[in-house]
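What follows is a single structure, written as structure tokens, with notes after it.
Atoms within a ligand are numbered from 1 in the order they appear, just like the ligands themselves.
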Amino acid sequence: MKNRKLSLLILGVIFTISGFAQTGSKIQEVEELLSKMTLEEKIGQLNLLTPGGGVATGAVVSKNVEDKIKAGKVGGLFGVSGPEKIRIAQEYAVNDTRLGIPLLIGSDVIHGYKTTFPIPLGLSSSWDMELIQKTASIAATEATADGINWNFSPMVDIARDPRWGRIAEGAGEDPFLGSAVARAMVKGYQGDDLTNPTTMIATVKHFALYGAAEAGRDYNTVDMSKLKMFNQYLPPYKAAIDAGAGSVMTSFNDVNGIPATGNKWLLTGLLRDRWGFNGFVVSDYTSLNEMIAHGMGDLQAVSALALKAGLDMDMVGEGFLTTLKKSLEEEKVTEEDITTAARRILEAKYKLGLFEDPYLYLDETRPERDILSEEHREVARKAAARSFVLLKKEGNILPLKKNAKIALIGPLANNKNNMLGTWAPTGDPQLSVPVLQGLKNVAPNAKITYAKGANITDDPKLAEKVNVFGPRVEIDKKSSEALLKEAVQTAKNAEVIVAVVGEATEMSGEAASRTDITIPESQKKLIRELVKTGKPVVLVLMSGRPLVISEEMDLPVSILQVWHPGVEAGNAVADVLFGDYNPSGKLTATWPRNVGQIPIYYAQKNTGRPEPASGEFEKFKSNYLDVPNSPLLPFGYGLSYTEFEYSDVNSSSDNLSSDGEITLSATITNTGNFDGEEVVQLYIHDKVRSITPPLKELKGFKKISLKKGESKTVDFTISVEDLKFYNTNLEYVFEPGEFEFFIAGSSDNTFAKSFILNQ
Ligand code: BGC
């Protein structure tokens with residue numbers, strides 16, 4: 001015991017004297033520590049466990065965690081929270097092991113810690129990077145107050161398939177926007193100084209291409225050309241790494257035949273050699289062991305493969321812990337392989353300041369002060385309102401009058417259990433504001449009557465599947481007919497109907513893929529009956545993904561998409577419905593007409609036989625017999641209570657030189673009756689390329705605010721850097737020629753102007 005304390009003390013002194021001295025790319029203090037470590041101690045650092053007790057996010061939880069920590073067999077924990085609890089674990093590591101190396105403490109803080117923000121797909125729809133960064137920094141403040149120093153976020157997987165439930169967790173389909181969001185989140189979590197106890201290490205995940213799972217089925221195989229990877233799917237991971245993300249999590253899927261967790265091309269060739277990543281790589285939950293099921297060999301074989309590929313830390317599966325020594329003896333791995341991985345884990349602990357003070361994140365006075373403060377809840381409310389997308393306006397119903405007679409209907413209208421959204425394991429649904437309460441808070445003079453109207457689904461089997469983390473779908477004792485009747489009766493006495501409908505939170509998220517992404521039939525029926533009353537209807541739509549709402553778009557209803565809005569759900573919905581905030585969100589993933597159109601995204605290629613401009617079917621063209629190619633709702637789309645007009649789309653010159661810049665601009669005028677905000681988007685089309693180019697690519701966006709009647713000119717400065725792409729040799733290049741562009745409030749626009757890029 002004495003010796004251990006002494007060595008920690010000496011380490012502390014070394015660190016204090018030398019500050020953060022680094023020699024070359026290696027940290028000297030870490031090297032000294034490594035030189036003292038036994039093989040077993042090094043392997044112990046590669047082991048990440050979850051003791052359970054909190055929310056288990058996978059099928060198995062770790063056993064005998066306390067003993068393993070004391071035996072030096074654990075490098076980090078996740079799924080534990082609270083400074084008191086974590087202090088106990090940290091004391092085992094510091095006091096009861098030979099070298100007293102502190103633990104990393106991880107967690108999934110995906111969209112807020114206790115102050116739950118909207119689901120990430122919703123947050124991205126705000127197109128407000130400052131706001132997104134702010135939510136991440138609040139999440140870090142709260143999580144670190146609870147003892148956590150390492151976050152399993154941001155999830156930056158590009159997703160173009162709304163059947164995939166985890167589309168909810170990312171920023172949608174576009175690499176440009178996705179990269180901006182990735183940067184904002186990394187900055188929010190990590191701040192400028194990782195030793196500051198309110199910041200934490202960010203983990204970019206899931207590396208890589210998890211969002212391209214075949215058929216939208218979770219964990220499914222991915223086979224993709226390198227051109228598509230580099231140009232469409234990899235940019236957000238790279239952006240997060242360039243922004244300094246300290247760790248990377250591998251994905252469950254295979255990438256072109258080799259599981260990501262054991263894919264050397266991915267984890268070493270691309271990540272380290274090409275991108276220069278110098279943090280550590282952690283597996284996903286038992287993804288190392290799952291390589292056995294992928295067909296890559298037994299646990300010893302897959303563990304050796306993963307270590308050799310560049311995996312540093314093994315989450316939950318204990319493959320490294322139980323097999324690496326044997327593999328070393330059999331010369332399947334080298335001691336250097338193990339030391340390299342251990343070094344990266346120790347460096348992370350060093351960067352966090354844990355060697356200087358293992359209890360840095362364990363201030364028992366912080367939770368009370370830093371978690372769920374009024375100020376944080378205010379940001380959650382603001383973020384939620386800004387994540388909403390007005391999909392359809394019918395008549396002049398919106399915004400509602402604050403003294404209106406409102407029939408509030410729907411299974412999600414007075415429901416706390418479905419407000420937080422998927423992947424909110426640290427949040428408490430019971431703290432959320434349901435829509436009914438929110439309407440009352442914001443408009444105390446409104447006359448609100450409520451009826452449930454329908455179950456989220458009438459299917460008990462589906463209900464059981466989505467109720468894994470608590471009661472999300474509660475099938476009413478009353479019959480569906482009785483619920484419906486009650487709702488229609490309630491509606492008849494009101495001036496306006498607000499129907500809160502959609503998906504339960506766990507109908508999206510991990511292992512929650514759907515092949516039918518319409519609103520469940522029980523609720524569709526309700527919507528039809530409400531429309532039949534002849535009263536104006538506003539649908540407040542909740543979901544974790546783009547839905548197929550072709551039928552609802554054809555009904556005479558207004559539709560406000562609110563995703564799963566987080567802890568301040570009801571207040572934010574009320575802020576928008578009553579016009580205290582004019583909705584400004586824009587879709588970040590395309591909404592298809594039907595599932596048959598999937599995968600569908602705005603940056604489509606032209607093909608050699610493009611669909612006719614009319615959208616009408618033509619034989620021997622690339623189109624469908626039954627629907628046009630265009631989506632129901634395009635990327636970038638979203639309405640406002642006011643109207644915006646775009647004019648004077650211009651470029652500062654007709655020519656751009658390879659070392660110069662050009663300014664592309666447009667004037668936007670608020671021609672409607674309300675002040676409002678608009679996301680101004682720039683799209684460019686490279687007309688001729690050495691590889692087939694997408695028809696348009698987002699290259700800039702700015703969110704502006706315009707008073708009623710006001711005009712503003714918005715500029716985008718473009719250089720060749722913005723026009724580069726990866727060619728067939730995977731070189732990042734620009735090619736001279738003609739570029740068309742437009743500036744608009746949505747991706748479905750026509751090109752206005754062009755410029756020539758000279759050599
Ligand atoms: C998920 C990860 C998550 C991990 C730990 C996995 O099931 O895929 O996103 O970080 O569990 O909870």
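Annotation: Asp284 places an N or O atom under 3.5 Å from an N or O atom of ligand 1; distance criterion only. For a threshold of 3.5 Å applied to N or O pairs, the pair formed by Glu169 and ligand 1 contains no separation below that value.
A cation-pi contact links Arg87 to Tyr359, judged by a cut-off of 6.0 Å to the six-membered ring centre and 45° from its axis.
Ligand 1 is never approached by Tyr210 to a heavy-atom distance shorter than 4.0 Å. Residue Met249 places a heavy atom less than 4.0 Å from ligand 1.
Among residues two or more places apart in sequence or in another chain, the side-chain contact (heavy atoms from CB on, under 4.5 Å) test is passed with Asp67 by Asn64. Under the salt bridge (Lys or Arg N to Asp or Glu O under 4.0 Å) criterion, Asp254 pairs with no residue, sequence neighbours left out.
Those atoms of ligand 1 with a heavy atom of Lys205 less than 4.0 angstrom away are 2 (C), 3 (C), 9 (O), 10 (O). Those atoms of ligand 1 with a heavy atom of Phe78 less than 4.0 angstrom away are 5 (C), 12 (O). Every atom of ligand 1 with a heavy atom of Asp108 under 4.0 Å away is listed here by number and element: 3 (C), 5 (C), 10 (O), 12 (O). Listed by atom number, the atoms of ligand 1 under 4.0 Å from Tyr285 heavy atoms are 5 (C), 6 (C), 7 (O), 11 (O).
Looking at Lys114 and Asp428, no side-chain N of the basic residue comes within less than 4.0 Å of a carboxylate O on the acidic one, giving no salt bridge.
Evaluated for a side-chain contact (heavy atoms from CB on, under 4.5 Å) with Val473, the options Thr505, Asn417, Asn415, Ile456 yield exactly one hit, Ile456.
Counting heavy atoms closer than 4.0 Å to ligand 1, residue Tyr219 contributes nothing at all.
The shortest side-chain heavy-atom distance between Leu271 and Leu266 does not fall under the 4.5 Å cut-off.
Between Phe207 and Tyr237, the angle of the ring planes goes over 60°, which puts this pair in the perpendicular group of the 30/60° scheme.
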